[in-house]
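Notes follow once the structure below has been shown.
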Number of protein chains: 2
Amino acid sequence: MDYRSEDILPYISTDSIIFGLDNGKLKVLLIKRAIEPSAGSWALPGGFVLNQEDLDMSARRTLQNMTGMTNMFMEQVYTFGQVNRFPGRRVVTVTYYSLINYTLENLKAGPDASAIHWFDIAEVPELVFDHRHILDTTLNFLRAKVRTEPIGFELLPQKFTLTELQGLYEAVLGTVFDTRNFRKKILKMNLLMPLDETQVGVAHRAARLYSFNKETYLKLKDKGFTFEL
Amino acid sequence: MDYRSEDILPYISTDSIIFGLDNGKLKVLLIKRAIEPSAGSWALPGGFVLNQEDLDMSARRTLQNMTGMTNMFMEQVYTFGQVNRFPGRRVVTVTYYSLINYTLENLKAGPDASAIHWFDIAEVPELVFDHRHILDTTLNFLRAKVRTEPIGFELLPQKFTLTELQGLYEAVLGTVFDTRNFRKKILKMNLLMPLDETQVGVAHRAARLYSFNKETYLKLKDKGFTFEL
DNA sequence: GCAAAAGTGTTCTTCGTACACCCATGC
DNA sequence: GCATGGGTGTACGAAGAACACTTTTGC
């Protein structure tokens, strides 16, 4: 995790907005900076891009170092390059967001951070630089995207109940759906495989589990189908 | 237009995809490179970002130098940063697109270009580096955007006919609309002001002119209205 | 008067929305 | 047996899609 200065692109960083879902709440992963400028403040995880590294790889590396995960869902959002967005020098940052299956285990803060923490999206502390603006922009981007592409599933375990799915959309979009209409709509798309399994260990009627069928989605998409919620 | 090397960010450029509408055809403005690498090839207009210049300003400067226009509609699309996208050195490029009211007058190629030309979107020549990929990505972006935000008007003169408007959407989206349904839908939004003017100099019944009412749109948008075509 | 584009309504189908009760399970 | 969430259908209204003819103007 230590790089020689001749190995990095001095003007370009990537920052990542990592979303997770905990108990029907949308969460975002933040780090506490251990290095100047603004050591001790909360910030989005990120870092400088290496000379021999694609932008996407840079963002993936950040997330991989913290979570150990590879092959996670990740997309570029926007590039912020105001002259004075970063104190003391010019840094343009390319931002990515990621949707991961929320776990508290195995989070590593990394050498540049003294702490790492999941924050409820409604309780994010003050952030360094323009990171609050970046977060807001990304959240709007996510809200638009989640309604027109079936990416929400990335936040859930592979097997999930329809109630969990509805809760995910309610958390991300900040709205409430009618249960009957929501089920009707999502099931009519034929993207969900009903499994011969139900929840276990719940103190009420156990819900049927479903899984998202990505192959079917890709086939339907080719034929002109668009996911829309 | 000549900058000292200490005034530029050596790793970051902006490229612009400039769209215009000519006679119901979507066009894109390209330059012929006058400098190495790949002098003599067609390319997207662009250039390095200055040290004391926001990314948006860099893209605007490019367009301003070519057209003399200021305050044109312009939006960031995506940032391309593959290690080997540019020959010989690492350059990350932030791409913008612009929609302008098509004119052939006053186009200046600038010092880095030996020619400048509007190409029909279906007849774009071979482009340098990854510019073909950038153009394709931007075209997809535009197609998605134009259906959910009233940006298409930027391609038309201030006063236009409904037939011109329909032709614009058909050119951008590559589809055909039913005239009656198109008019019904667009007029019901109440975003168009019918003017007491009609076309002149046409060899058939003169069409009524309309203009887009941006203030009304912004008010409606605040109340939750979304443009959708 | 004819060529060329402007302008206009109705029907049918599809989709969105509103709404309330019984079911299965764990404790 | 009761508390908790799971699961289901129908009726109404709104919006989208299909479709053809008359009007105006320049030449």
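The figures here come from the full heavy-atom set of this structure, side chains too, leaving out hydrogens, waters and symmetry mates. Every chain is numbered from 1 and lettered A, B, ... according to where its sequence line falls, protein lines coming before strand lines. Only a predicted model underlies this, so the values are computations on that prediction, with no experimental measurement involved.
Rounded to whole Å, the distance from CG on B:Asp178 to P on C:dG9 is 14 Å. What separates CZ of B:Phe182 from P of D:dG16 is a distance of 13 Å, to the nearest Å. One can place CD of B:Glu228 at 12 Å from P of C:dG16, the figure rounded to the nearest angstrom. One can place CZ of B:Arg183 at 14 Å from C1' of C:dG9, the figure rounded to the nearest angstrom. Taking atom OH of B:Tyr210 as the reference point, atom P of C:dG7 lies 6 Å away to the nearest angstrom. Residue B:Arg205 contributes atom CZ, which lies 14 Å from atom P of D:dT22 at whole-angstrom precision. Atom CZ of A:Arg180 is separated from atom C1' of D:dA11 by 12 Å (rounded to the nearest Å). With rounding to whole Å, B:Gln166 atom CD is found 14 Å from C:dT8 atom P.
B:Tyr96 and B:Glu75 are not linked by any side-chain donor-acceptor pair at a separation below 3.5 angstrom, with hydrogens and angles left out of the test.
In this structure, B:Phe212 and B:Tyr217 have tilted ring planes: the angle between them lies in the 30° to 60° band. Ring geometry for A:Phe177 versus A:Tyr169: interplanar angle over 60°, hence perpendicular rather than tilted (30 to 60°).
Comparing B:Thr179 and B:Lys188 along DNA chain D, the residue whose closest nucleotide (by nearest heavy atom) sits nearer the 5' end is B:Lys188. Of the two residues contacting DNA chain C, namely A:Ala203 and B:Ala203, the nearest-nucleotide position lying further toward the 5' end is that of B:Ala203. Nearest-nucleotide mapping onto DNA chain D: of A:Leu162 and B:Gly201, the residue sitting toward the 5' end is A:Leu162.
Note on A:Lys185: a side-chain N or O is less than 4.0 Å away from OP1 or OP2 of C:dG16. Taking side-chain N and O atoms only, B:Thr163 has a distance below 4.0 Å to OP1 or OP2 of C:dA6.
Not one N or O on the side chain of B:Asp130 forms a donor-acceptor pair closer than 3.5 Å with the backbone of B:His133.
Distances were taken from every side-chain heavy atom of A:Asn181 (C-beta onward) to each of D:dG9, C:dG9, D:dG7; the shortest belongs to D:dG9.
Residue contacts shown for B:Lys184 include a base, since a base heavy atom lies under 4.0 Å away. Heavy atoms of A:Thr161 sit nowhere under 4.0 angstrom from any nucleic acid atom. Residue-level contact check: A:Arg208 touches the backbone only, with heavy atoms under 4.0 Å from sugar-phosphate atoms and none from bases.
Each of B:Asp15, B:Ile17, B:Asn65, B:Thr62 was evaluated against B:Pro45; a single residue qualifies, B:Thr62, per the side-chain contact (heavy atoms from CB on, under 4.5 Å) test.
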